[in-house]
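Take a look at the structure set out below.
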Amino acid sequence: MPECFPTFVAMATATRTPPSPTTPQTAPGTTPRTTPPRRPRRGGLLRTLWGSTIGKKAVMAVSGLVMLAYLVAHMLGNLKVFFGPDDMNGYAHWLRTLGEPVLHHGWFLWVVRVVLLTAVVLHGVCAWQLSRRDLAARPVGYRHRRHRASYATRTMRWGGIILALFLVWHLLDLTTGTVNPRGQAGHPYENIVAGFGTWYTNVIYCVAMLAVGLHVQHGFWGAAQTLGVTRPGLARLCKGGSTVLAVVLTAGFLSVPLGVMTGLVE
Amino acid sequence: MNLTLRIWRQPGADAPGEMVTYEVDGISPDMSFLEMLDTLNERLTARGEEPVAFDHDCREGICGACGMVINGRAHGPERTTACQLHMRHFADGDTVDIEPWRAAAFPVVRDLVVDRSALDRVVGAGGYITAPTGSAPEAHATAVPKPAADAAFAHAECIGCGACVAACPNGSAMLFTSAKVNHLGALPQGAPERESRVLGMVEQMDAEGFGGCTLAGECATACPKGIPMPSIAAMNREYLRAAARR
Ligand code: HEM
Ligand code: FES
């Protein structure tokens with residue numbers, strides 16, 4: 001239909017706004033513009049990140065990954081318990097001498113503690129602030145309810161709170177020894193065996209370790225997306241990796257109380 | 001088909017609303033969901049009642065005007081717009097719940113109509129390229145690699161209907177914003193304003209009261225145009241890159 005074409009062109013030109021005679025047409029870039037192009041607002045990286053939802057999520061991702069790296073090391077260290085008191089206690093002592101003579105005795109551990117405390121605080125504060133925003137952004141729910149998202153995704157907030165409470169208990173149990181039935185400094189092996197001899201310690205640890213698994217399963221893959229992993233191969237690796245990490249961490253951590261409960265460790 | 005409809009009725013922005021039950025009969029499976037609502041509205045009008053207000057325009061799935069939550073899902077059970085959803089996806093005797101998009105950033109105007117101008121303001125904060133308009137430029141003036149053109153087009157498919165916001169448990173507009181950011185970011189024409197675009201749009205998105213992303217994935221499931229979840233990761237990367245260079 002050749003006659004269609006001219007009609008189309010005529011329509012296209014007819015609907016185009018003709019240049020107004022009062023405003024002179026200027027070639028781009030030849031005359032100064034009345035409004036200069038907006039300069040990007042300055043604010044610095046940290047201010048920008050802390051002020052935006054994506055930035056706060058990135059803070060959560062990085063602090064979460066720092067804690068996660070620690071958890072992997074911690075879990076592997078815990079497995080020393082299966083080699084007897086000398087191995088375990090020797091390992092605990094070595095952690096205190098690590099870095100000597102550059103570092104003073106025990107300083108390595110304190111550096112780790114400061115880093116972890118910073119990570120926990122940043123992670124918790126961002127989680128709190130973002131969650132409040134998220135809840136406020138959907139003030140009215142739907143009458144027709146249905147299941148949304150995976151269990152791990154839906155339990156990030158409560159799971160995180162459980163982990164925070166567990167952290168307090170854990171420190172009082174095996175760091176300060178306050179709530180441990182034995183609680184003798186320098187004897188982690190004996191303290192572990194004594195602690196997992198009580199039913200409540202076993203319940204608390206088992207629940208918390210399942211919570212860690214769920215949190216990591218969503219968290220690791222979440223962190224990858226927050227930090228912008230887009231290459232399909234790497235993304236698949238991170239997604240699979242988060243499940244593997246979650247299972248390995250949970251199983252590794254759980255093996256210690258289970259070992260004591262079954263009498264494998266005594 | 002005979003259906004029981006439970007529809008959110010709210011006479012005005014500040015008026016209280018409620019779910020109201022209507023029985024409709026004689027619905028053809030070939031009707032679109034909006035035609036089914038038209039049928040209801042004709043009968044309501046004939047009875048002297050207020051018809052149900054809902055947004056619609058093209059009715060062919062390209063304008064993004066229509067949008068309602070049908071049985072708890074944005075645009076209903078199929079991955080399409082409400083105007084392109086057909087009644088054959090429902091069974092005779094079904095009860096169907098119809099609610100407006102729910103988000104703090106989308107105040108209800110009336111019944112199923114919400115104010116989505118927050119999305120326009122997000123686009124206004126950088127979702128464009130600054131170029132002298134006038135006659136269309138020569139198509140070959142700027143060479144665009146095929147993969148870039150494809151990526152840009154995939155994101156340009158976003159019709160701004162707001163289903164992602166409605167489906168997200170946090171009322172987040174991340175998928176929408178990422179579609180716009182990635183659309184222009186993929187093209188050479190979009191490169192000069194790459195940083196100010198993503199920083200400005202995300203800032204506006206936050207200022208409008210949209211929530212953040214918790215990677216629930218509801219948005220991508222609801223999107224009638226199939227904008228995928230990795231778009232959000234791509235925008236995150238673009239944002240962090242721009243923030244580092246600011
Ligand atoms: C203080 C206690 C904690 C709280 C309140 C908390 C809470 C949260 C919340 C609400 C999220 C956001 C999840 C989402 O919806 O996407 C999150 C993500 C995450 N959490 Fe935690 N969490 C805690 C402890 C931990 C611990 C001990 C780890 C270490 C394994 C961890 C690792 C992560 C990671 C890697 C993410 C992903 C961040 C992202 O999605 O970018 N969290 N946490
Ligand atoms: S009316 Fe245009 S997309 Fe549904």
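Just so we're on the same page: letters track the sequence lines, and every chain starts at 1.
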Worksheet item: Most heavy-atom pairs under 4.5 angstrom with chain A, which of B/G209, B/G217, B/A207?
Response: B/G209

Discussion item. Minimum heavy-atom separation for A/P139 and B/A103, please, with both atom names.
Written reply: CD-C, 4.2 Å

Worksheet entry | Exceeds 12 heavy-atom contacts within 6.0 angstrom, atom CZ of B/R9 | yes

Worksheet item: Any idea which of B/E195, B/R73, B/M19 has the most non-hydrogen atom pairs under 4.5 angstrom with chain A?
Response: B/R73

Discussion item. Let's test your reading of the structure: which of B/A131, B/S172, B/G212, B/P100 forms the most heavy-atom pairs below 4.5 Å with chain A?
Written reply: B/G212

Item to complete: Under 4.5 Å, counting heavy-atom pairs only, tell me which of B/E238, B/R237, B/E99, B/M235 racks up the most with chain A.
Response: B/E99

Discussion item. Just so I understand: if I count every heavy-atom pair under 4.5 Å between each of B/A234, B/P169, B/A105 and chain A, which residue has the most?
Written reply: B/P169

Worksheet item: Is chain B contacted by the side chain of A/A235, its backbone, both, or neither, given a heavy-atom distance below 4.5 Å?
Response: neither

Practice prompt. Give the intermediate values and the outcome of side-chain contact (heavy atoms from CB on, under 4.5 Å) for residues B/L240 and A/T226.
Written response: CA-CA 9 Å; B/L240 295 174; A/T226 301; 5.8 Å; no

Worksheet item: So which of B/A233, B/C168, B/G211, B/A243 has the biggest tally of heavy-atom pairs under 4.5 Å with chain A?
Response: B/A233

Fill in: For the student: nearest non-hydrogen atoms of B/M205 and A/T53, plus distance
CE-OG1, 4.0 Å

Worksheet item: Below 4.5 Å, heavy atoms only, C-beta onward: do A/H218 and B/L215 meet side chain to side chain?
Response: yes

Discussion item. Tell me the closest heavy-atom pair linking B/Y239 and A/S52, and the distance in Å.
Written reply: OH-OG, 2.8 Å

Discussion item. When you compare the side chain of B/N236 with that of A/T230, does any pair of heavy atoms fall below 4.5 Å?
Written reply: no

Worksheet item: Should the heavy atoms of other residues, nucleotides or ligands under 6.0 Å from CZ of A/R113 be counted, would the total exceed 12?
Response: yes

Practice prompt. Identify which part of B/A166 has an atom lying under 4.5 Å from any heavy atom of chain A, answering side chain, backbone, both or neither.
Written response: both

Worksheet item: For B/N170 and A/R157, which heavy atoms make the closest approach, and how far apart are they?
Response: OD1-NH2, 3.7 Å

Worksheet item: Which region of A/V140, side chain (C-beta onward) or backbone (N, CA, C, O), has a non-hydrogen atom less than 4.5 Å from a non-hydrogen atom of chain B, or is it both or neither?
Response: both

Worksheet item: Is there side-chain contact between A/Q225 and B/M229, with at least one heavy-atom pair below 4.5 Å?
Response: yes

Fill in: Heavy-atom pair of closest approach, residues B/D97 and A/H144
OD2-ND1, 2.8 Å

Worksheet item: Is there a donor-acceptor contact under 3.5 Å from the side chain of A/R133 to the main chain of B/F210?
Response: yes

Worksheet item: Quick check: does any side chain N or O of B/R102 sit under 3.5 Å from a backbone N or O of A/R138, one acting as donor and the other as acceptor?
Response: no

Worksheet item: Does CZ in B/R241 sit with more than 12 non-hydrogen atoms of other residues, nucleotides or ligands closer than 6.0 Å?
Response: yes

